[in-house]
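Okay, structure first, notes after.
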Amino acid sequence: MNPPTLGSFFIFTPRLGHKEGKEHEKILFYYPASISIGDKTNQVGLCEALINFSKMFSPKDPCKSVHREKHTCSFYNPEPDIWVVLMVRNPSIIKTGKDGKVVYQYLEDELDDEMVSTIVKQAYRIYRLFHGPMLSTWESQSVDTLRTQLNTFFVPFLSSLSFDSVDLFSTLGGIYFLPVDKNVYLRIQNFIHITEDTFPRLHYAAFLYREHLVWSGLEQDDIRIMYSYIVNQVHTLTPSSDPQLFPPHTPYPVGIADTLFSKRNSGFLTGPDFSSPSTPINAPQVWVMTPSPSNDPSQPEKAKEKCYHLIIYEQYDIMCLFLIEPQVLPDLAFYNHLRETISPQISFLSPILNEHYSRKQGTEEQYRYIYFNHMNLALKTSLKTKGSELTKDTMRMLNEIHADFDLSAENITEVLIRTSNDRWVVGRKSDQREFYVIFDSKNANLLEINEEVRKLSSTYFNNIFID
């Protein structure tokens, strides 16, 4: 079977291109650029027509996805009058017709809507993290500046896009937390506070150990997308990674991939390259939500987006993220002082955290399960490597159960499926928590599976689910 591939990705606005012959002005970005302007305009026009038609029946929630024979399309409206569209070529199988000619049979129901939608939303959120809202660039500068910015970011980003890596874990967008005891947590919190007091320009921080979040001072949505970017893109680089495939103004490790793997766990992933002091300092900007005091003391604080420089420091298996005010770019002396301040503390914390992590990893799990808490984004699984122990069919089934929970949050709280190979897949949702478990008990019946789920819930997730 031929796997799904990227057909096209484009961003358009209905604010422009109203005059005849000027319809192409609606397009803010289109990939691949090799397609003729006429075909680009036709695709955008068709998508806009589908969106406007669906608004007649659902004004507040128009068309989100469309299945065609060869493509599956996903529509996302992240900002007023800004539409992001992803068209994915459906997987296909090759058959030989009666006349001997090769015929492609497209599997239009093979792609999961939630999966395609996740890719669109992730792409936009990563762009917004490093560039801010699209309309902000348009209104503060110009639409041509926005077009240039979109092209500079998305061309390398889309070139490295992989559909094989998108699964239920991507759809949930959860965070792996590392549980530590109270004394260790307070020690890490104290380390962060002392660092912020020593460097008043530092405003927000996050602390990770082996891709597990231990502490964060960022808003939930901000740490969610930053965590995803660090874990799924920065940490997946290899020595052969092409720097051209990394969007400009994002935290590509200093010294490119060679430095990352020769000096891994020993310095700044963003910032100066101390082996070459003349190299410009790589301090990418990020846009995060910050509290904005209200003029009325009786009213709660409102959050607004603000720009900061991002500093990523890694030592051993500990990664520290710091956000610094953007007015003045930090110099080499600042980075040296920061490294000298935090390095001894990290050296002290590393063996303690390694003990907690080893204890967690050494626990043998009897069941294969995935747990997600929407309230704090906590993700927990017994699978040693995300998704590696599950077939594509099982993962698609889990995605479909998750989609059912989302579409009918109050009416559907439990789903049990017996597959064609006698495997049981169970999904439960209660009070913003989702839980999935896979059983290979071929001879088990429904009552026995329910009893196993009850035992699992009481053992690992006591007081979470209501029977």
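As the structure is a computational prediction, the values presented were derived from the model and not from experiment.
The distance from the NE2 atom of His402 to the OG1 atom of Thr118 is 7.0 Å, given to the nearest 0.5 Å. In this structure, CD1 on Ile35 lies 4.0 Å from OH on Tyr30, to the nearest 0.5 angstrom. Atom CE of Met226 sits about 6.5 Å away from atom CG of Leu321, to the nearest 0.5 Å. Taking CG of Leu150 as the start and CE of Met134 as the end, the distance is 5.0 Å to the nearest 0.5 Å. Separating the NE2 atom in His24 from the OG atom in Ser36 is a distance of 12.5 Å, to the nearest 0.5 Å. The OG1 atom of Thr41 lies 4.0 Å from the CD1 atom of Ile27; values are rounded to the nearest 0.5 Å.
A salt bridge between Lys26 and Glu48 is present, with a side-chain N of the basic residue lying under 4.0 Å from a carboxylate O of the acidic one. Salt bridge annotation for Asp112-Arg396: absent, with no cationic side-chain nitrogen under 4.0 angstrom from a carboxylate oxygen. Ion pairing of Glu25 with Lys19 is absent here, as no side-chain N (NZ or NE/NH1/NH2) approaches a carboxylate O to less than 4.0 Å.
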>> For a side-chain hydrogen bond (donor to acceptor under 3.5 Å, both in side chains) check, start with the C-alpha distance between Gln122 and Ser228, then their side-chain angles and the critical distance, and finish with the verdict.
In response: CA-CA 9 Å; Gln122 279 282 89; Ser228 173; 2.9 Å; yes
Fill in: Criterion side-chain hydrogen bond (donor to acceptor under 3.5 Å, both in side chains) on Thr72 and Asn90, from CA distance to verdict
CA-CA 6 Å; Thr72 295; Asn90 293 325; 2.6 Å; yes
Evaluation steps, side-chain hydrogen bond (donor to acceptor under 3.5 Å, both in side chains), between Tyr204 and Glu196 = CA-CA 8 Å; Tyr204 298 95; Glu196 290 178 338; over 6 Å; no
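Contact detail for Thr270 and Ile312: the closest heavy-atom pair is OG1-N, 2.9 Å. Closest non-hydrogen pair, Glu305 versus Pro133, comes out as OE1-CG, 3.0 Å. Nearest approach of Gln327 to Glu325, heavy atoms of both residues: OE1-CB, 3.1 Å. In this structure, Tyr313 and Ile342 approach most closely via the heavy-atom pair CD2-CD1, 3.5 Å. Pairing each heavy atom of Gln220 with each of Ile223, the nearest pair is O-CG2, 3.2 Å. Nearest heavy atoms, Asp167 versus Phe169: OD1-N, 3.0 Å.
Proximity of a side-chain donor or acceptor of Gln315 to a complementary backbone N or O of Cys320 within less than 3.5 Å is not detected. Here the side chain of Ser54 pairs a donor or acceptor atom with the backbone of Ile51 at under 3.5 angstrom. At distances below 3.5 Å, not a single donor-acceptor pair connects side-chain atoms of Gln105 with backbone N or O atoms of Ser92. With hydrogens and angles disregarded, a donor-acceptor distance shorter than 3.5 Å links the side chain of Asn77 to the backbone of Glu79. Within the 3.5 Å criterion, the main-chain N or O of Tyr176 finds a donor-acceptor partner in the side chain of Tyr227. The backbone N or O of Ser136 sits less than 3.5 Å from a side-chain atom of Ser140, completing a donor-acceptor pair. With hydrogens and angles disregarded, a donor-acceptor distance shorter than 3.5 Å links the side chain of Thr13 to the backbone of Asp81. At distances below 3.5 Å, at least one donor-acceptor pair connects side-chain atoms of His212 with backbone N or O atoms of Arg210. For Tyr369 (side chain) and Leu383 (main-chain N/O), no donor-acceptor pair under 3.5 Å exists by modelled atom type. Checking side-chain atoms of Asn282 against main-chain N and O of Gly271 turns up no donor-acceptor pair under 3.5 Å.
Annotation: His374 is in aromatic contact with Phe372 [ring centroid separation under 6.0 Å]. His71 has its ring centre no less than 6.0 Å from the ring centre of Tyr106. Aromatic ring centres of Phe130 and Tyr229 lie closer together than 6.0 Å.
For Thr145 and Thr148, the side-chain atoms include no donor-acceptor pair closer than 3.5 Å. In this structure, a donor-acceptor pair under 3.5 Å is present between the side chains of Asn421 and Thr419.
Annotation: side chain of Asp393 is not in contact with side chain of Arg423 (no heavy-atom distance under 4.5 Å). The closest side-chain heavy-atom distance from Tyr127 to Leu129 is not below 4.5 Å.
Residue pairs meeting the ring pair (Phe, Tyr, Trp, His ring centres under 6.0 Å) criterion with at least one member in residues 41-63, sequence neighbours excluded, are Phe53-Phe57.
A ring-ring contact (aromatic ring centres under 6.0 Å, His included) with Phe154 holds for exactly one of Phe10, Phe29, Tyr31; it is Phe29.
Ring-plane geometry between Phe153 and Phe157 is classed as parallel, the angle between the planes falling under 30 degrees on a 0 to 90 degree scale with a further cut at 60. Taking the six-membered ring where tryptophan is involved, the planes of Tyr124 and Tyr76 are perpendicular, since the angle between them exceeds 60° and thus also 30°. Classified by interplanar angle (parallel below 30°, tilted 30° to 60°, perpendicular above 60°), the ring pair Tyr436/Phe405 is tilted.
Remark: Arg15 is positioned above the aromatic ring of Trp138, its terminal NZ or CZ atom under 6.0 angstrom from the ring centre and at most 45 degrees off the axis.
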